[in-house]
Amino acid sequence: MLLLQQMIILFIYMAVGYGCAKKGKLNPEKSKTISWLVINIANPALLISSAVNGEKGIAPDKLLEAALLAVVMFAVLLVLGRVVLKVFCVPKKEAGVYTLMTVFNNIGYMGFPVIAAAYGNEALLYAAIFTLPFNMLIYTYGIRIVSPESGSKAEFQLRGIMNVGVISGIIAIVLYLGNVPAPQFVRTAASGLGALTAPLSMMAIGISLAGIRLKELFTDTRLVVYAAVKLLVIPVAGMLLIVRLLDNELLSHVCMIMLATPAASMVVMLAQQYDANYELAARGVALTTLLSVATIPIVSAIVF
């Protein structure tokens, strides 16, 4: 019930952004500014807040367990990215986008706010670990996969791997493990800025949806069926296995969110940058984002 309530709250934030865009008060340019604030200020502050305001209840070996699980999870998703192409008979010109949508979930924009609200600060430390393989893969494998669609030469953005998300995640883990004391004003500031993550990120998503005819999202049969598999079948199957093998309830809940979140907005950005199938990427991210408001609570109810 708590998770359902949090998803309804996020949907309200999304609807506010959508409504403001439809009214002409917000536009894609302003959405870019909001996204910049989320990526460079709010999200990092949320991670730092989780480290300095947490109760220090996670042992180092549990964080290592999370790291190993993150590596295994992304390894499986890489395989599934190829399987999806065969199962759905995806045309070659759409292969890169479908692969990226399968491998990379929106763990930052949607995952962090949900985890913070539903499971608390300590759960965010687990989530921070998942950002490390995500960023390493999206700027290397992700670019290599999506660029052949346009015939452009892939350029590995190795500098992109050490972005603000990875750096803030590492800092948060170090602060937590080192039990580094933080002044009250630092804790309060980090908490306040981190609280901006959920409303700002979901408003930015709502603004992006305003530029898409929502009716068109449900006319692509392949994409609709794929979205159901991505948002329900894959996370449910994955979690039924994880809960049997993992004796860590909090980490299990984090893994569920990591698997059940929609396709990452980075898929759209890469498709646009490398002249791939941008329209498909935008529709796929929009569709999975809308449906995830309902499917994440469903997955949680089935698994737990």
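These values consider heavy atoms only, across backbone and side chains, with no hydrogens, waters or symmetry-generated copies.
The CZ atom of F112 lies 9.0 Å from the OG1 atom of T197; values are rounded to the nearest 0.5 Å. The structure places CG of N135 at 10.0 Å from OG1 of T140, a figure rounded to the nearest 0.5 Å. Interatomic distance, OH of Y126 versus SG of C255, reported as 9.5 Å (0.5 Å rounding). Put simply, CG on L280 and CG on L287 are 10.5 Å apart, with the number rounded to the nearest 0.5 Å. How far NZ of K230 is from OG1 of T261: 6.5 Å, rounded to the nearest 0.5 Å. Atom CD1 of residue I170 and atom CG of residue L47 lie 11.0 Å apart, to the nearest 0.5 angstrom.
Within the 3.5 Å criterion, the main-chain N or O of G284 finds a donor-acceptor partner in the side chain of T288. Using a distance-only test at 3.5 Å, with no hydrogens or angles considered, no donor-acceptor pair links the side chain of R222 to the main chain of V90. Judged by distance alone, the side chain of S300 and the main-chain N or O of P297 form no donor-acceptor pair under 3.5 Å. One N or O on the side chain of K30 and one on the backbone of K25 form a donor-acceptor pair closer than 3.5 Å. For Y109 (side chain) and A204 (main-chain N/O), no donor-acceptor pair under 3.5 Å exists by modelled atom type.
Ring geometry for Y119 versus H253: interplanar angle of 30 to 60°, hence tilted.
The shortest side-chain heavy-atom distance between M14 and L290 falls under the 4.5 Å cut-off. Taking the side chain as every heavy atom from C-beta outward, M256 and L3 approach each other to under 4.5 Å. Under the 4.5 Å side-chain criterion, counting only non-hydrogen atoms from C-beta, M258 is not in contact with N105. Within the 4.5 Å cutoff, side-chain heavy atoms of F304 are placed close to those of S252. Within the 4.5 Å cutoff, the side chain of V84 has no heavy atoms near those of the T99 side chain. L196 has its side chain out of reach of L37: every pair of non-hydrogen atoms, C-beta onward, lies at least 4.5 Å apart. A 4.5 Å side-chain heavy-atom check between N106 and I205 finds at least one atom pair inside the cut-off. Two residues are said to be in side-chain contact when any heavy atoms from C-beta on lie closer than 4.5 Å; V166 and L132 meet this criterion.
Nearest approach of I207 to S31, heavy atoms of both residues: CG2-CB, 3.6 Å.
One hydrophobic cluster, built from ILVMFWY side chains closer than 4.5 Å, holds both L85 and V79.
The number of heavy atoms from other shown groups lying within 6.0 Å of CG (D247) does not exceed 12. Counting non-hydrogen atoms of other residues, nucleotides and ligands closer than 6.0 Å to OH of Y278 gives a total of 12 or fewer.
A distance below 6.0 Å separates the ring centres of Y98 and Y226.
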